[in-house]
Colleague: 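One structure is given below, represented as structure tokens, and several questions about it will come after.
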Amino acid sequence: MLKTIKPKNARTKRILKKREPKVEENVKTAIFIRGSTTSQVVNDALSDLCRLRRSNSINFTKKNNIHPFDDDTSLDFYCAKNDSSLFVIGSHSKKRPHNLVFGRMFDGQVLDMIEVGIEKAITMNEIKTPKCSMGMKPLFIFNGELFETSQVHKTFKNMMLDFYRGQTMESINVSGLEYVISITATGSITSSDSTVPSTFDGKIFFRVYTIQMTKSGQKVPRVELEDMGPNYEFKFRRTKFAKEEVYKIATKIPKTLKPKKVKNVGVNEIGDKVGRIHVGRQDLGKLQTRKMKGLKRMSEDNDRTEDWSRKKRKA
Amino acid sequence: MDVSAQLEAQKSQYKSINVEKQVPLQLDLGLLAGFDVNALEENKLKAETDNYLKSYTRDGTQLLINEIFRLPLTSVQDVGVVAELPKIITAIPREKPLPKPKPPTRWERFAKLKGIKKNTKSRLIYDEKRGEWVPRWGYKGANDDGANEWLVPVPDNA
């Protein structure tokens with residue numbers, strides 16, 4: 001286990017400060033590890049996925065004896081040493097050919113992991129098209145209702161968003177929208193039952209395209225896509241979901257980042273902004289109002305009218 | 001002068017940017033993500049996977065871009081058109097737990113007890129004489145005590 005370092009100079013102090021928990025976090029670092037045996041497919045996949053994530057990702061080139069589903073300690077150590085919270089472990093065995101395990105860490109411990117097998121893979125180098133400049137934020141498209149219904153798919157969706165979202169920005173340059181990651185899920189929920197052989201059940205299509213914006217005669221451009229790669233066909237294998245309580249703590253939003261509630265202002269049914277003003281108790285008898293001279297109650301006037309009537313009767 | 005006919009002719013020259021979907025896309029624009037729950041055509045997927053996926057994704061991306069262009073856009077110098085993104089809706093777990101509030105230091109405890117508040121003076125103050133905000137001290141500051149006045153009345157004792 002890593003021992004806690006006491007900073008001896010300003011430089012190490014700065015590094016430690018960068019790594020400590022903050023309200024608004026840094027961009028997550030990802031590590032790409034090779035297992036005890038790997039295949040060419042797995043090596044290429046690891047390097048391509050690393051490339052897609054340009055900055056903040058470390059590609060280990062040496063093989064490590066690591067079994068994520070059995071033993072967490074070596075994984076915890078690598079992540080703590082590199083201050084990373086995302087990992088991908090690639091391995092290849094007869095039982096699990098071309099295997100990738102995507103995982104996340106929280107608070108130095110493994111949060112959740114999903115194991116996928118690569119059925120088909122086409123690397124970026126094989127697709128001879130111009131690639132986008134790296135470090136751009138990608139667009140995401142998730143196709144298929146399984147991403148709303150199935151637990152595995154929902155976790156995978158969350159992981160992919162986490163892996164490739166890049167830096168959180170408040171505004172984005174429209175010309176910087178250069179590529180889109182599209183993940184399509186096919187199959188039915190019952191396809192997790194492996195006794196049902198079917199050629200097309202339970203697959204995940206991972207595609208990356210560059211966006212070309214062309215004229216459309218209007219302000220919004222017409223979108224055309226160009227294959228960029230890498231292209232994969234995944235199949236889910238084992239999974240390890242996060243414990244409910246841990247996940248709840250991990251997704252807790254600090255009070256400072258929560259949107260502030262404005263009191264006494266609301267929107268009515270028509271859509272107008274309505275505000276409520278609280279006025280204290282008022283004594284209506286003592287209220288200062290505008291004075292209208294014509295409406296003044298004259299006691300002499302009343303007597304005069306009475307006099308007239310009396311005079312009339314007399315006459 | 002009715003130019004709608006000419007506009008239509010011009011528009012028809014280019015490909016449409018409208019996309020028809022049975023179930024509208026759910027979006028998380030903070031993450032630039034779109035979630036499509038429409039059913040995919042299985043036979044098309046089997047027969048010509050790549051082309052079908054490309055066209056399907058193109059439709060989804062078109063819808064996403066349409067929505068992005070509906071966000072408040074500003075034109076920034078040298079950069080171009082910038083769209084303001086809303087907050088992220090999807091709950092993505094953090095990597096480290098929330099920071100614990102640090103215990104107050106010895107001075108902070110004393111100040112709280114005595115009611116001492118920090119009173120930092122701002123660098124700029126409003127100079128009534130000049131009628132503008134100038135630095136409190138320094139170059140072109142407010143306290144230069146007339147040393148650089150160009151016209152000084154001769155004092156009586158001179």
Colleague: Distance check, rounded to the nearest 0.5 Å: B:T90 atom OG1 versus A:F140 atom CZ?
Modeller: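 Atom-to-atom, B:T90:OG1 and A:F140:CZ are 10.0 Å apart.
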Colleague: Heavy-atom pairs under 4.5 Å with chain B: which of A:A242, A:G176, A:S182 has the most?
Modeller: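 Going by pairs under 4.5 Å, I would pick A:S182.
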Colleague: Measure distances from B:A39 to the heavy atoms of chain A and classify the residue's part below 4.5 Å as side chain, backbone, both or neither.
Modeller: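 Contact with chain A involves no heavy atom of B:A39 at all.
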Colleague: Against chain B, work out which of A:I249, A:I211, A:N26, A:I141 has the most heavy-atom pairs shorter than 4.5 Å and name it.
Modeller: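 Result: the option with the highest number of such pairs is A:I141.
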Colleague: Which atoms of A:L139 are under 4.5 Å from chain B, going by heavy atoms: the side chain, the backbone, both sets, or neither?
Modeller: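 Both backbone and side chain.
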Colleague: Between the main-chain N or O of A:R19 and the side-chain N or O of B:K96, is there a donor-acceptor pair closer than 3.5 Å?
Modeller: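 Answer holds: yes.
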Colleague: Would you call A:K28-B:E95 a salt bridge at under 4.0 Å N-O?
Modeller: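 A salt bridge is absent here (no side-chain N lies under 4.0 Å from a carboxylate O).
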Colleague: Is it true that, when you exclude A:E20 itself, more than 12 heavy atoms of the residues, nucleotides or ligands shown sit nearer than 6.0 Å to its CD?
Modeller: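 Buried by this count: over 12 neighbours within 6.0 Å.
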Colleague: Quick check on the interface: out of B:D36, B:I88, B:V76, who has the most heavy-atom pairs with chain A under 4.5 Å?
Modeller: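 Sorted descending by pairs with chain A, the first entry is B:D36.
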Colleague: Counting only non-hydrogen atoms closer than 4.5 Å, does A:F106 touch chain B with its backbone (N, CA, C, O), its side chain (CB onward), both, or neither?
Modeller: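 Both parts, backbone and side chain.
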Colleague: Step by step, work out the side-chain contact (heavy atoms from CB on, under 4.5 Å) result for A:M159 and B:I92.
Modeller: CA-CA 8 Å; A:M159 255 195 219; B:I92 297 188; over 6 Å; no
Colleague: Please look at B:L27 and chain A and tell me whether the side chain, the backbone, both or neither of the residue comes under 4.5 angstrom of a heavy atom of that chain.
Modeller: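 The answer is neither part of B:L27.
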Colleague: Taking atom CD of B:E84 and atom CE of A:M169, what is their separation to the nearest 0.5 Å?
Modeller: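 So the gap between those two atoms works out to 14.0 Å.
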Colleague: Is it true that atom NZ of A:K22 has more than 12 heavy atoms of other residues, nucleotides or ligands lying nearer than 6.0 Å?
Modeller: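 It does: A:K22 NZ has more than 12 such atoms within range.
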Colleague: Quick one: is the NZ or CZ of A:K157 closer than 6.0 Å to the six-membered ring centre of B:F35, and within 45° of its axis?
Modeller: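 A:K157 over B:F35 ring: yes.
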Colleague: Measure across A:E145 and B:V37 and return the closest heavy-atom pair with its distance rounded to 0.1 Å.
Modeller: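 For A:E145 and B:V37, the tightest heavy-atom pair comes out as CB-O, 3.7 Å.
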Colleague: Using only atom types and a distance under 3.5 Å, with no angle test, would you say the side chain of B:R94 pairs donor to acceptor with the backbone of A:E24?
Modeller: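 No: the side chain of B:R94 does not pair with the backbone of A:E24.
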Colleague: Tell me, which pairs form a side-chain hydrogen bond (donor to acceptor under 3.5 Å, both in side chains) where one or both residues lie in residues 122-138 of chain B, sequence neighbours left out?
Modeller: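 Those involving residues 122-138 of chain B are B:D127-B:R130.
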Colleague: Closest heavy-atom contact between B:V81 and A:N173?
Modeller: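 Between these two residues, the closest heavy atoms are O-OD1, 3.0 Å.
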Colleague: Between A:I181 and chain B, with a heavy-atom cut-off of 4.5 Å, which part of the residue counts as in contact: side chain, backbone, both or neither?
Modeller: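 For A:I181, neither part sits under 4.5 Å from chain B.
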Colleague: Answer yes when B:D28 and A:R165 have at least one side-chain N-carboxylate O distance shorter than 4.0 Å, and no when they do not.
Modeller: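 No.
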Colleague: Name the region of A:T168, side chain, backbone, both or neither, that has any atom closer than 4.5 Å to a heavy atom of chain B.
Modeller: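 For A:T168, the contact with chain B is made by the side chain alone.
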Colleague: When you measure from the side chain of B:R58 to the backbone of A:V223, do you find a donor-acceptor pair of N or O atoms at a distance under 3.5 Å?
Modeller: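 Looks like yes, one N/O pair under 3.5 Å.
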Colleague: Heavy atoms, side chains only, cut-off 4.5 Å: are B:L85 and A:E170 in contact?
Modeller: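 Not touching, per the 4.5 Å side-chain cut-off.
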Colleague: Which pair of heavy atoms, one from A:S171 and one from B:V82, lies closest together, and at what distance?
Modeller: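 Between these two residues, the closest heavy atoms are CB-CG1, 3.5 Å.
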Colleague: Name all residues meeting the ring-ring contact (aromatic ring centres under 6.0 Å, His included) criterion together with A:Y179; count only those two or more places apart in sequence or in a different chain, and write none if there are none.
Modeller: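 Partners of A:Y179 under the ring-ring contact (aromatic ring centres under 6.0 Å, His included) test: none.
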Colleague: Using only non-hydrogen atoms and a strict under-4.5 angstrom cutoff, which residues of residues 97-113 of chain B touch chain A?
Modeller: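 B:P97, B:L98, B:P99 fall under the 4.5 Å cut-off.
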Colleague: If we check side-chain contact (heavy atoms from CB on, under 4.5 Å) with B:T57, which of these qualifies: A:V208, A:I183, A:L225?
Modeller: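 It is A:L225; the other options fail the test.
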Colleague: Most heavy-atom pairs under 4.5 angstrom with chain B, which of A:L86, A:N158, A:T214?
Modeller: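 With the most close heavy-atom pairs to chain B, the winner is A:N158.
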Colleague: Does any heavy atom of chain B fall under 4.5 Å from the side chain of A:P138, the backbone, both, or neither of them?
Modeller: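 Only the backbone of A:P138 comes within 4.5 Å of chain B.
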Colleague: Where on A:V180 is there a heavy atom nearer than 4.5 Å to chain B: the side chain, the backbone, both, or neither?
Modeller: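 Answer is side chain: those atoms of A:V180 sit under 4.5 Å from chain B.
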Colleague: A:M213 versus chain B, heavy atoms under 4.5 Å apart: side chain, backbone, both or neither?
Modeller: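 Interface part for A:M213: side chain.
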Colleague: Measure A:A185 against the heavy atoms of chain B and call it side chain, backbone, both or neither at under 4.5 Å.
Modeller: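 A:A185 touches chain B through backbone heavy atoms alone.
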Colleague: Any side-chain heavy atom of A:T184 within less than 4.5 Å of one from B:Y56?
Modeller: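 A side-chain contact is absent here, since even the closest heavy-atom pair is not under 4.5 Å.
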Colleague: A side-chain contact here means heavy atoms from C-beta on lying under 4.5 Å apart; do B:F69 and A:V174 qualify?
Modeller: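 Yes. Closest side-chain heavy atoms under 4.5 Å.
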Colleague: What are the residues of residues 59-68 of chain B, in order of number, with any heavy atom under 4.5 angstrom from a heavy atom of chain A?
Modeller: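 Expected list: B:G60, B:T61, B:Q62, B:L64, B:I65, B:N66, B:I68.
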Colleague: If you define the side chain from C-beta out and look only at heavy atoms, does anything of A:L111 sit under 4.5 Å from B:P93?
Modeller: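 Side chain of A:L111 against side chain of B:P93, heavy atoms only: contact under 4.5 Å found.
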Colleague: Does a salt bridge link B:D50 with A:R207, judged by any charged N lying under 4.0 Å from a carboxylate O?
Modeller: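 Here B:D50 pairs with A:R207 in a salt bridge, since their nearest N and O are under 4.0 Å apart.
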Colleague: Looking at chain B, which one of A:D112, A:T251, A:V220, A:L161 has the largest number of heavy-atom pairs inside 4.5 Å, strictly under?
Modeller: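 Top count of heavy-atom pairs under 4.5 Å with chain B: A:V220.
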Colleague: Before you tell me yes or no, could you show the steps for B:L31 and A:Y164 under side-chain contact (heavy atoms from CB on, under 4.5 Å), namely the whole-Å CA-CA distance, both residues' side-chain angles and the distance that decides it to 0.1 Å?
Modeller: CA-CA 10 Å; B:L31 283 170; A:Y164 290 107; over 6 Å; no
Colleague: Out of A:P221, A:S84, A:G108, which one racks up the most heavy-atom pairs below 4.5 Å with chain B?
Modeller: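 Of the candidates given, the most pairs with chain B belong to A:P221.
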